[in-house]
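Below is one structure, written out as structure tokens; the observations come after it.
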Protein chains: 2
Amino acid sequence: MDGKQNIPRPTARRLSLYLRELVVLLSANRTMVSSKQIGALLGLTDAQVRKDLTFVGQFGHSGVGYDVRKLHENLRRILGRDLIWNAALIGAGNIGRALLSYRPFDELNFHITSVFDSDPGSWGLVLNKRTVQPISELETTLENSGVRLGIIAVPSHAAQGVADRLVEYGIDGILNFAPRRLELSTDVIVSNVDFTLSFEQLAFQVAQASHLSPDKEIDDLSR
Amino acid sequence: MDGKQNIPRPTARRLSLYLRELVVLLSANRTMVSSKQIGALLGLTDAQVRKDLTFVGQFGHSGVGYDVRKLHENLRRILGRDLIWNAALIGAGNIGRALLSYRPFDELNFHITSVFDSDPGSWGLVLNKRTVQPISELETTLENSGVRLGIIAVPSHAAQGVADRLVEYGIDGILNFAPRRLELSTDVIVSNVDFTLSFEQLAFQVAQASHLSPDKEIDDLSR
DNA sequence: TTTTGTGAAACGCTTCACAGCG
DNA sequence: CGCTGTGAAGCGTTTCACAAAA
């Protein structure tokens, strides 16, 4: 087998996490690692890790574990991390600016090559070496730019419009920071980053935990 | 029944989304809404919506749908959105600053009441009305502050240390923006926002889609 | 021994399909 | 009728448990 069957979403997510740990192991000069050890690093069972890794191919060694270098290399290839990903950022507000100087992106072959905004006041501003352009220049700038990904960092109400323009241009994928579902006709791939939802889920779980604790006070304080 | 059984995670997530839509419906003065209509707004089936709403309690009306106001009110209560949530932000870098002025939080009863950073250069800075404090003041500032949530927006390598201090203080929940798993001894609730992972998953899916569709040009390598 | 790879069982969530009710 | 609420079926993922390998 060759890891060619469809990879389940939860597995794909974890593969990224495995790759992260493998990078650490590599730079620590570790040569072998077992499923149990990987699992321990991430709070997963060894069985889970092994099952996931069958999608990458099987080159573990019974009694020994996996070759760190080989596993790293294969994971990189499968996850598309051996490619360079150029992205256009739309929205030069607070979130957009944070992304422009977000360090972890630098190590991942992810490059934000251009920045667009609808606010004339921002046009011409140079943020981390990239000049903010009017959004009207989106299509002409992206033409033949090699940009396959779009990052939407505009207010909610403007997100759908931006998405439509990106799709029209022929974008392959969208990273959406607006707390809103994007309605997309074609088979463009979308990944959502929704702070608000994360915050709401956190509050919900905390509220629930408080109610479930032996003392069922509703207007309680922290212990 | 009373909506008291444990709510599955996927359902809890969607309940937040339903609440979002209900707010819109409310402000549009809609009084009734059917599961089918809610589903259409979010790309879900009507059955899914109805099943989810049984966890909120049953007050839908056969042949008519759900009372928007009543549903909204109950969802708010169940999701803990009728409470005020105070949070401490640790890390006044790019992401932290973006969060301090993140508009959507304003409407959610989420308040960042204090900001801490380890960089002396940032101490005393006033960001959106909040003064950056040295992280050494974390414990004394939070004491009796009503803060139950912590937001970690520091570099990866510092995240675990910050988490440990928050746990020691007695925090109830942590919103973690560092692309790293937090190891937490106690039953503190964590919600992760991992840009990097989202970006990686997007790239993976796009790469996979390209390989699967014959028409896409592949600047491929390796095998 | 230790650890992989994997069928099979268990689990959890979604979808189906329909009785019941206004 | 139209729409809810819900058992039951279906499906995808995780966990179990063990033969095989070194």
Side-chain angles (χ1 to χ4, degrees), chain A residues 1-18 21-22 25 30-72 74-75 78 201 205 208, chain B residues 1-18 21-22 25 30-72 74-75 78 201 205 208:
Chain A
M1 279 222 224
D2 186 41
K4 272 293 117 176
Q5 64 256 71
N6 291 341
I7 299 182
R9 277 284 207 94
T11 294
R13 236 188 71 90
R14 286 189 299 269
L15 290 182
S16 282
L17 300 178
Y18 300 157
E21 298 300 334
L22 284 168
L25 291 172
R30 275 284 293 277
T31 57
M32 301 301 286
V33 67
S34 71
S35 56
K36 199 170 174 184
Q37 292 168 331
I38 296 176
L41 290 169
L42 294 164
L44 303 170
T45 66
D46 53 333
Q48 177 81 84
V49 174
R50 286 200 300 281
K51 194 69 125 185
D52 287 342
L53 292 183
T54 61
F55 289 96
V56 179
Q58 40 264 77
F59 36 79
H61 298 286
S62 296
V64 186
Y66 300 85
D67 183 297
V68 173
R69 187 171 305 274
K70 223 147 84 176
L71 189 52
H72 170 264
N74 278 274
L75 267 174
I78 286 177
Q201 289 299 294
Q205 288 182 65
Q208 213 180 216
Chain B
M1 279 212 186
D2 185 41
K4 273 292 118 176
Q5 64 257 71
N6 290 341
I7 299 180
R9 277 285 208 93
T11 295
R13 238 187 69 92
R14 286 189 300 268
L15 290 182
S16 283
L17 301 178
Y18 300 157
E21 298 300 334
L22 284 167
L25 291 172
R30 275 284 293 279
T31 57
M32 302 300 286
V33 67
S34 71
S35 55
K36 200 171 173 181
Q37 293 167 332
I38 296 176
L41 290 169
L42 294 164
L44 303 169
T45 66
D46 54 333
Q48 177 81 83
V49 174
R50 286 200 300 280
K51 193 69 126 185
D52 287 341
L53 291 183
T54 60
F55 289 96
V56 179
Q58 41 263 76
F59 37 80
H61 298 287
S62 296
V64 187
Y66 300 85
D67 181 298
V68 173
R69 187 171 305 275
K70 223 148 83 176
L71 190 52
H72 170 264
N74 277 274
L75 267 175
I78 285 178
Q201 290 299 294
Q205 289 182 66
Q208 215 180 215

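Order of the sequence lines fixes the chain letters, A, B, ..., with proteins taken first and strands second; residue numbering starts at 1 for each chain. As the structure is a prediction and not an experimental result, all values here were calculated from the model.
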Mind checking side chain to side chain donor-acceptor pair (under 3.5 Å) for B:Tyr18 and listing every partner two or more places apart, or none if nothing turns up? B:Asp52
Pairing residues for B:Thr45 by the side chain to side chain contact (heavy atoms under 4.5 Å, CB included) criterion, not counting sequence neighbours: B:Ala47, B:Gln48
d(CZ, A:Phe59; P, C:dT6) in whole Å: 13 Å
Please state whether the phosphate of D:dG5, meaning OP1 or OP2, lies under 4.0 angstrom from any side-chain nitrogen or oxygen of B:Arg50. no
What's the CG-P distance between B:Leu42 and C:dT14, to the nearest Å? 14 Å
In whole Å, I'd like the distance from the CZ atom of A:Phe55 to the C1' atom of D:dT14. 12 Å
Within the pair A:Thr54 and C:dG5, is there a side-chain N or O less than 4.0 Å away from OP1 or OP2? no
Taken to the nearest whole Å, CG/B:Leu15 to C1'/C:dT14 is 15 Å
Write down the distance between CG (A:Asp46) and P (C:dT6), rounded to a whole number of angstrom. 15 Å
Among C:dT3, C:dT15, C:dA8, which nucleotide sits nearest the side chain of A:Lys51? C:dA8
Strictly below 4.0 Å, heavy-atom distances to any atom of DNA chain D: list the hits from residues 62-71 of chain B, or just say none. B:Ser62, B:Gly63, B:Val64, B:Gly65, B:Tyr66
Side chain to side chain donor-acceptor pair (under 3.5 Å) filter on B:Gln205, not counting sequence neighbours, yields none
Can a side chain N or O of A:Gln58 be found less than 4.0 Å away from OP1 or OP2 on C:dT6? yes
Side chain to side chain contact (heavy atoms under 4.5 Å, CB included) partners for A:Ser34, two or more places apart: A:Lys36, A:Gln37
Do A:Leu53 and A:Leu15 have side chains that get closer than 4.5 Å, going by heavy atoms? yes
Please enumerate all residues that pass side chain to side chain donor-acceptor pair (under 3.5 Å) together with B:Arg50, with sequence neighbours excluded. B:Ser35, B:Asp46
Test: salt bridge (charged side-chain N to carboxylate O under 4.0 Å, His left out). Region: residues 54-71 of chain B. Which pairs qualify, not counting sequence neighbours? none
Applying side chain to side chain donor-acceptor pair (under 3.5 Å), name anything that partners B:Glu21, two or more places apart in sequence or on another chain. none
Using the rule given for side chain to side chain contact (heavy atoms under 4.5 Å, CB included), can you reason through A:Ile78 versus A:Ile7, listing the C-alpha separation, both sets of side-chain angles and the distance that settles it, and then say yes or no? CA-CA 10 Å; A:Ile78 286 177; A:Ile7 299 182; 4.0 Å; yes
A:Leu53 CG to C:dT3 C1': how many Å, rounded? 13 Å
Apply side chain to side chain contact (heavy atoms under 4.5 Å, CB included) to residues B:Leu44 and B:Arg14 and explain how you reach the verdict. CA-CA 10 Å; B:Leu44 303 169; B:Arg14 286 189 300 268; 3.6 Å; yes
Looking at B:Ser35, does any N or O in its side chain come under 4.0 Å of the phosphate oxygens OP1/OP2 on D:dT4? yes
Between C1' of C:dC16 and CG of B:Leu44, the distance in whole Å: 16 Å
When only distance counts, do a donor and an acceptor, one from the side chain of B:Lys36 and one from the base of D:dG2, lie under 3.5 Å apart? no
Distance check needed: C:dT3 C1' versus A:Gln37 CD, whole Å only. 10 Å
Please figure out whether B:Val33 or A:Ala47 has its closest DNA chain D nucleotide nearer the 5' end. B:Val33
Close N or O pairs between protein and nucleotides 11-13 of chain C (under 3.5 Å):
none

